[in-house]
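What follows is a set of notes on a single structure, which appears directly below.
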Amino acid sequence: MAVKIKLKRLGKIRSPHYRIVVADSRTRRDGRAIEEIGKYHPTYNPSVMEVDAERVAYWLGVGAQPTEPVLAILKKTGDWQKFKGEPAPAPLLVAEPKKARPTFEALSGEDEGKGEAITQKKKAEKKDEATAESASAEA
């Protein structure tokens, strides 16, 4: 029986999440797996790659063959280099926390009035004109 380390797809149509699994090479992509050994979330920024290094080393040691996408993930995490006896790669990027956006009150100046209308309402202008006309007619 040939054993492969491959990706099992989960998630909605446009938001894929993958599990790194050990499975028989004859099973389908999302079929039954022998063991789940990691996670891969490509839509996050930066991508999330979590791998159980101990189990990967075991399965590679007993002859499991990784697929090309899994091999790329193992090279980035450093598990493939550890298995082959090569020097470790540079560490993975960690997402920076997002800065809080300033509120509307923080952006507005202190000298300006808050919430007051600058122009008069149209109804008030018409009443002022009508009172001005009646006052001029009386005089």
Distance-only donor-acceptor pairs under 3.5 Å for side chains of residues 3-14, two or more places apart:
residue, atom, partner, partner atom, Å
K6, NZ, T27, O, 3.0
K6, NZ, T27, OG1, 3.4
R9, NH2, I13, O, 3.2

Task: CG on L74 to CE on M49, rounded to 0.5 Å - done: 10.5 Å

Task: Separation of K75 NZ from K84 NZ (nearest 0.5 Å) - done: 9.5 Å

Hey, quick one: are [X] and [Y] part of the same hydrophobic cluster, counting side-chain heavy atoms closer than 4.5 Å, chains of contacts allowed?
| X | Y | result |
| --- | --- | --- |
| I37 | V21 | no |
| Y40 | Y44 | no |
| Y18 | L71 | yes |

Does [X] reach the side chain of [Y], with side-chain heavy atoms less than 4.5 Å apart?
| X | Y | answer |
| --- | --- | --- |
| P66 | W59 | no |
| I20 | V51 | yes |
| L60 | V56 | yes |

Open item on the list: Please find the pair of heavy atoms, one from A2 and one from D24, that lie closest to each other, and give the distance.
Closed with: O-OD1, 3.0 Å

Task: Exercise: identify the closest heavy-atom pair between S47 and P42 - done: OG-O, 3.5 Å

TODO: Kindly assign one of parallel, tilted or perpendicular to the pair H41 and H17, based on the angle between their ring planes and the thresholds 30° and 60°.
DONE: perpendicular

